[in-house]
**Q** 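What follows is a single structure, and I will ask about it in a moment.
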Amino acid sequence: MLQVNFLRQNREIAKQKLAIKHFGNPDLVDTAIEIDDERKQLQAAFDETQAKVNAASKEIGGLMAKGEQDKAAALKNEVADWKKQLDPLKIKMGEVETKLQNTLVQFPNLPHDLVPLGKTPEENVLVKEAGSKPNLHSGALPHWDLIKKYNLVDFETGAKITGSGFPLYIGKGAKFQRALVQYFLDFNIAAGYTEYIPPFMVNEASAFATGQLPDKEGQMYHATADNFYLIPTAEVPVTNIFRDVILKDSDLPIQMTAYSPCFRREAGSFGKEVRGLNRVHQFEKVEVIQLVHPDKSDEVLDEMVAHVEKLLISLGLPYRILRLCGGDMGFASAITYDFEVYSAAQAMWLEVSSVSNFQAYQTYRMKCRFKDAEGKTQFAHSLNGSSLALPRIFAAIVENYQTENGIALPEALQSYFGATHLV
RNA sequence: AGAGAGGUGUCCGAGUGGUUUAAGGAGCACGCUUGGAAAGCGUGUAUACGGCAACGUAUCGGGGGUUCGAAUCCCUUCCUCUCUGCCA
């Protein structure tokens, strides 16, 4: 969420930056400031009257103690008049505050200066492409055929148990998932991240804090009996560890990693894009999350990008890094790098990680602050990235490492899986 | 799931309608004292919003209510603990 005081002080800059994100209603900046002006006026009026009431009430207490009932009764009448003014003010103030809140949550985060202009994925900027694409044997198969051939994942039975997009991993397919999770977590821990296993359902307050609510409730599964939401990513519960917390300067940076299943309703399109493991309703992911000093977040973003890159290199997959353009970025992000791996048999790039700096957008919303060296309270910056999302890594490894007789494994995974070949 | 007891500041803890402007203690910070330290003494020590400021307003788990006045009374909700039940 953007701060109204920031909009007030940077009205034109904010409008220009919102345009980069293709925000349709720049005048909403002015609206927000007007609402805030009204809120200030109301509060001034309310505070003044309330102060009179408070003072009079104290006086009544004193009069009662002295037994001067008549004077006390007279004062009570006076207070009653003020209170009549107070009630509508209080109601109005509540309304205006809600209106301001509802307005502010509509603003996406402002893009970082490095964010390229553009509206569509085609306009994302290629930062780097590395690794060599494998030369597959003739008759090489896409992963949805390979997993059937080797009985690694069964979509039909998953659909029978739950519905489409809920894969059932079997035997070596299941073990491979477990090996990947373990490898990714160890890799993150070695880089200084602390592992968490968070709740996989969250309450409304948590879903609001990281920005899933109020607008995106349709994308989450909702357990209505208890009003809990199944998490779409570990980012939600893990970031919320620090909701309503004031940290010490010395606590930063906070580096966290977590494995979780992720649940996404997202009604997708049809065809190649969503075939097999390319897009599913339930998948596994290991996430890295940091809370850092605002001065450090640019630097930390680069470190996180380098971290994910190192992980991909260790898997021997051809990859590319894209800096997302304003139109393709997430709502809450100030700058995002996407990682894609090349899935050889599909001849397609698959997104496997998204690393973003949210700056103070999330932390303001969830009131995660720290006391700086001067003892002043500031909002921390939050960043996160996938390291990594499993299904597409699974797909890419299976496709890229296939041979005529089976599927090999990247060296880094062999000790985790306990064999040199998946099958 | 049922019954009961609780939730107060960084922490412990007092507080059952009115100088509570949340006592007292601990911790922490700074100062005095000291050769140095400890002890002792003094001062300070939440957050948000409004205001140039003085200061004002709100917050005693959350929300609502009663009252001139609520940490205190009422309703509601969340959480913790104890017992019972159920369960991997």
Side-chain angles (χ1 to χ4, degrees), chain A residues 1-9 32-105 197-209 213-214 222-229 237 240-252 360 362-380:
Chain A
M1 197 158 74
L2 297 180
Q3 300 177 49
V4 68
N5 282 338
F6 177 88
L7 295 177
R8 191 183 284 281
Q9 285 154 22
I33 294 167
E34 280 162 27
I35 296 169
D36 193 47
D37 286 338
E38 193 186 354
R39 181 188 63 84
K40 285 185 184 191
Q41 274 180 21
L42 284 168
Q43 186 176 342
F46 179 85
D47 284 0
E48 198 187 327
T49 310
Q50 183 67 53
K52 286 199 278 188
V53 171
N54 288 349
S57 295
K58 198 174 285 178
E59 210 179 324
I60 291 170
L63 292 170
M64 303 279 273
K66 281 187 259 170
E68 302 186 49
Q69 306 290 342
D70 297 348
K71 284 186 181 172
L75 207 48
K76 276 191 198 180
N77 288 332
E78 222 171 313
V79 172
D81 286 342
W82 291 329
K83 295 254 297 182
K84 274 183 208 145
Q85 301 168 30
L86 223 45
D87 287 337
L89 271 177
K90 195 174 172 183
I91 291 163
K92 186 76 187 156
M93 208 157 70
E95 284 170 6
V96 170
E97 270 164 18
T98 306
K99 200 163 128 194
L100 181 61
Q101 175 83 356
N102 291 343
T103 306
L104 289 177
V105 296
I197 300 179
F200 299 149
M201 290 181 141
V202 296
N203 58 28
E204 259 182 352
S206 293
F208 178 84
L213 296 179
H222 188 193
T224 52
D226 296 289
N227 200 22
F228 294 152
Y229 293 88
N240 269 284
I241 295 168
F242 293 96
R243 167 154 53 89
D244 290 321
V245 168
I246 301 179
L247 295 157
K248 284 181 293 211
D249 192 59
S250 58
D251 292 333
L252 303 176
Q362 287 182 326
T363 52
Y364 174 62
R365 196 170 169 126
M366 58 174 195
K367 308 278 175 271
C368 170
R369 292 155 289 178
F370 73 100
K371 286 218 189 277
D372 65 19
E374 287 83 51
K376 281 180 65 182
T377 308
Q378 291 192 49
F379 291 98

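Note that the structure is a prediction, hence the values are computed from the model and not measured. Chain A is the first sequence line, chain B the second, and so forth, proteins listed ahead of strands; every chain is numbered from 1.
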**Q** Should the heavy atoms of other residues, nucleotides or ligands under 6.0 Å from NZ of A/Lys99 be counted, would the total exceed 12?
**A**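 Check fails, neighbour count at 12 or below.
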**Q** Work out how far the C1' atom of B/rA39 is from that of B/rU77, and round it to whole angstrom.
**A**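 These two C1' atoms come out 50 Å apart once rounded.
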**Q** Run through A/Phe242, A/Phe379, A/Tyr364 and flag the one making a side-chain contact (heavy atoms from CB on, under 4.5 Å) with A/Arg369.
**A**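 Filter result, single survivor: A/Phe379.
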**Q** Using atom C1' of each nucleotide, how far apart are B/rA3 and B/rG62 to the nearest Å?
**A**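 It comes out at 24 Å once rounded to the nearest Å.
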**Q** Does B/rA39 have a Watson-Crick or wobble partner in any strand here, with both distances under 3.5 angstrom, and which is it?
**A**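 Across any shown strand, B/rA39 pairs with none.
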**Q** Please give the nucleotide sitting opposite B/rG56 as a Watson-Crick or G-U wobble pair, both distances under 3.5 Å, or none.
**A**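 Pairing partner: B/rC49.
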**Q** Taking atom C1' in both B/rA58 and B/rC75, compute the distance separating them and give it to the nearest angstrom.
**A**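 Taking atom C1' in both B/rA58 and B/rC75, they lie 22 Å apart.
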**Q** Using the C1' atom on both, measure B/rA26 against B/rU76 and round to a whole Å.
**A**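 After rounding to an integer number of Å, I get 36 Å for this pair.
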**Q** Got a sec, which residues hit side chain to side chain donor-acceptor pair (under 3.5 Å) with A/Asn203, two or more places apart in sequence or on another chain?
**A**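 Scan of A/Asn203 (side chain to side chain donor-acceptor pair (under 3.5 Å), adjacent residues dropped) gives A/Ser206.
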**Q** According to ring-ring contact (aromatic ring centres under 6.0 Å, His included), who are the partners of A/Phe208, at least two apart in sequence or on a separate chain?
**A**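 So A/Phe208 forms no ring-ring contact (aromatic ring centres under 6.0 Å, His included) with any residue.
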**Q** Show the distances under 3.5 angstrom between N or O atoms of the protein and N or O atoms of nucleotides 44-46 of chain B.
**A**
none

**Q** Taking only the P atom of each, what is the distance from B/rC49 to B/rG44 in whole angstrom?
**A**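 Taking atom P in both B/rC49 and B/rG44, they lie 25 Å apart.
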**Q** Would A/Asp37 and A/Lys40 pass as an ion pair if we require N to O under 4.0 Å?
**A**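 No, A/Asp37 and A/Lys40 are not salt-bridged.
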**Q** Can you check the distance between B/rG61 and B/rU80, where both ends of the measurement are the P atom (answer in whole Å)?
**A**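 My reading of the P atoms in B/rG61 and B/rU80 gives 16 Å.
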**Q** Could you tell me the separation between the OG atom of A/Ser57 and the NZ atom of A/Lys76, rounded to the nearest 0.5 Å?
**A**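 Taking OG in A/Ser57 and NZ in A/Lys76, the distance rounds to 10.0 Å.
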**Q** Is it true that A/Lys90 and A/Asp87 make a salt bridge, defined as a side-chain N closer than 4.0 Å to a carboxylate O?
**A**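 No, A/Lys90 and A/Asp87 are not salt-bridged.
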**Q** Determine the interatomic distance between P on B/rC86 and the same-named atom on B/rA48; round to the nearest Å.
**A**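 To the nearest whole Å, 50 Å.
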**Q** I'd like to check the side chain to side chain donor-acceptor pair (under 3.5 Å) partners of A/Asp47; sequence neighbours left out, ordered by chain and number.
**A**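 Expected list: A/Gln43.
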**Q** Using a cut-off of 4.0 Å between protein heavy atoms and nucleotide atoms, how would you tag nucleotides 55-77 of chain B 5' to 3' with B, S and -?
**A** -BSS---------BS--------
**Q** What integer number of Å spans the C1' atoms of B/rG9 and B/rA71?
**A**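 Each nucleotide's C1' atom is 13 Å from the other's.
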**Q** Taking side chain to side chain donor-acceptor pair (under 3.5 Å) as the definition, give me every residue that meets it alongside A/Asn102, ordered by chain and number, with sequence neighbours left out.
**A**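 With neighbours one apart ignored, the set is empty.
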